[in-house]
Amino acid sequence: MVYYECLMTTRNTASFAQLTKIVKQISHKVVEEGGIVRSIQNHGIRPLPYRFKAKYPDKEGNRYYKKGRFVSVFYDASPNVLKDVDGMLQLEEQVLRNTHLKARNKLWYVNIAKETKNPYIQRVLDMEQQEEEEEALTQKKQQQE
């Protein structure tokens, strides 16, 4: 399983119920496929870098947005689930933009199988090598005496 961050930019006029529905859909899809939802973060309404165009106008007729609500969902899942979640978000009217990032947490380094790339295993191997060198020095000193 891969640790992903799904960052969504939604309309700033989206209601709490609509946002909750979107996040629940994502969470249910991830859990159904055997994944784990780690956290959900609402970053609030922020100004957008440029004017975003929605697929369809809302009830007031607004189609262009200068502000948007940013929401992140962190989850562990297979790459197939990523495609499904991305497809769900593409069909959602309230979502202006979305992106998936391959997030890294501290546990990522623990799960690396290659000893050369894992800093924790490398540190333990270095400590063991130092202990062996110290033992060899003490044995040489004892032999010389």
Side-chain angles (χ1 to χ4, degrees), residues 1-56 58 62 64-145:
M1 285 206 217
V2 184
Y3 185 57
Y4 291 113
E5 176 185 2
C6 174
L7 180 64
M8 299 178 283
T9 306
T10 62
R11 297 179 183 190
N12 61 341
T13 57
S15 69
F16 180 75
Q18 291 170 327
L19 292 174
T20 305
K21 184 187 112 192
I22 295 169
V23 172
K24 279 186 180 179
Q25 284 178 343
I26 294 170
S27 301
H28 284 298
K29 185 64 177 175
V30 169
V31 172
E32 283 174 4
E33 299 294 328
I36 301 168
V37 177
R38 299 284 180 188
S39 72
I40 299 166
Q41 296 177 356
N42 182 356
H43 303 289
I45 296 175
R46 297 183 179 198
L48 298 171
Y50 54 90
R51 204 168 64 147
F52 281 10
K53 182 179 178 183
K55 294 175 202 143
Y56 305 105
D58 61 1
N62 297 332
Y64 294 95
Y65 292 89
K66 293 181 180 179
K67 290 184 178 182
R69 179 177 301 276
F70 290 83
V71 179
S72 292
V73 179
F74 294 88
Y75 63 91
D76 291 321
S78 67
N80 293 333
V81 175
L82 170 93
K83 292 177 186 174
D84 294 342
V85 169
D86 198 36
M88 288 169 39
L89 292 175
Q90 294 293 332
L91 296 174
E92 191 62 45
E93 289 182 19
Q94 297 300 322
V95 177
L96 299 173
R97 301 278 191 282
N98 70 322
T99 187
H100 278 83
L101 305 170
K102 194 173 181 181
R104 291 188 177 173
N105 59 1
K106 291 182 180 179
L107 291 177
W108 182 81
Y109 292 108
V110 174
N111 292 331
I112 297 177
K114 293 184 180 178
E115 293 178 356
T116 57
K117 290 189 176 182
N118 189 325
Y120 299 106
I121 293 177
Q122 198 63 39
R123 199 175 306 153
V124 170
L125 291 175
D126 290 341
M127 289 170 53
E128 288 176 355
Q129 185 178 6
Q130 287 176 354
E131 288 175 5
E132 289 175 3
E133 290 172 359
E134 289 174 5
E135 286 178 20
L137 286 174
T138 55
Q139 287 178 358
K140 283 184 181 180
K141 286 181 182 179
Q142 288 176 356
Q143 289 176 357
Q144 290 176 354
E145 294 175 355

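Excluded from the calculations below are hydrogen atoms, water molecules and symmetry mates; all remaining heavy atoms, backbone and side chain alike, are included.
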Any idea which heavy atoms bring D76 and V30 closest together, and the distance? O-CG1, 4.0 Å

Would you call the rings of Y4 and Y75 parallel, tilted or perpendicular if under 30° counts as parallel and over 60° as perpendicular? tilted

Locate the shortest heavy-atom distance separating A54 from L96; write the atom from each residue and the value. CB-CD2, 3.7 Å

Would you check, one step at a time, whether the test side chain to side chain contact (heavy atoms under 4.5 Å, CB included) holds for M8 with E92? CA-CA 11 Å; M8 299 178 283; E92 191 62 45; over 6 Å; no

Heavy-atom check, side chain of S72 versus side chain of H43, under 4.5 Å: yes

Ring of Y64, cation from R51 - is the NZ or CZ under 6.0 Å from the centre and inside 45° of the axis? yes

A side-chain contact here means heavy atoms from C-beta on lying under 4.5 Å apart; do H100 and D86 qualify? yes

Tightest non-hydrogen contact, residues G68 and L48, listed as N-CG, 3.8 Å

Would you say the side-chain atoms of T10 pair up with the backbone N or O of R69, donor to acceptor, closer than 3.5 Å? yes

From CD (Q129) to CE (M127), nearest 0.5 Å: 12.5 Å

Output for pair (E133 CD, E135 CD), nearest 0.5 Å, gives 11.0 Å

Please check if the side chain of N42 supplies one atom and the backbone of G44 the other of a donor-acceptor pair under 3.5 Å. yes

How close do L89 and C6 get, heavy atom to heavy atom, and via which atoms? CD1-SG, 3.5 Å

Given R11, which partner from the list Q18, K67, Q94 fulfils the side chain to side chain contact (heavy atoms under 4.5 Å, CB included) test? Q94

More than 12 heavy atoms of other groups within 6.0 Å of R46 CZ: no

In Å, rounded to the nearest 0.5 Å, how long is the span from CD of Q144 to NZ of K140? 8.5 Å

Write down the atom of I40, the atom of S27, and the distance for their closest heavy-atom approach. CD1-OG, 4.1 Å

OG1-CD1 distance between T13 and I45, expressed to the nearest 0.5 angstrom: 9.0 Å

Can you measure from NZ (K66) to CG (N12) and round to the nearest 0.5 angstrom? 12.0 Å

Take atom NZ of K55 as the centre, draw a 6.0 Å sphere, and report whether it contains more than 12 heavy atoms from other residues, nucleotides or ligands. yes

Considering all heavy atoms of both residues, which atom of Q90 and which atom of N98 are nearest to each other, and what is their separation? NE2-OD1, 3.4 Å

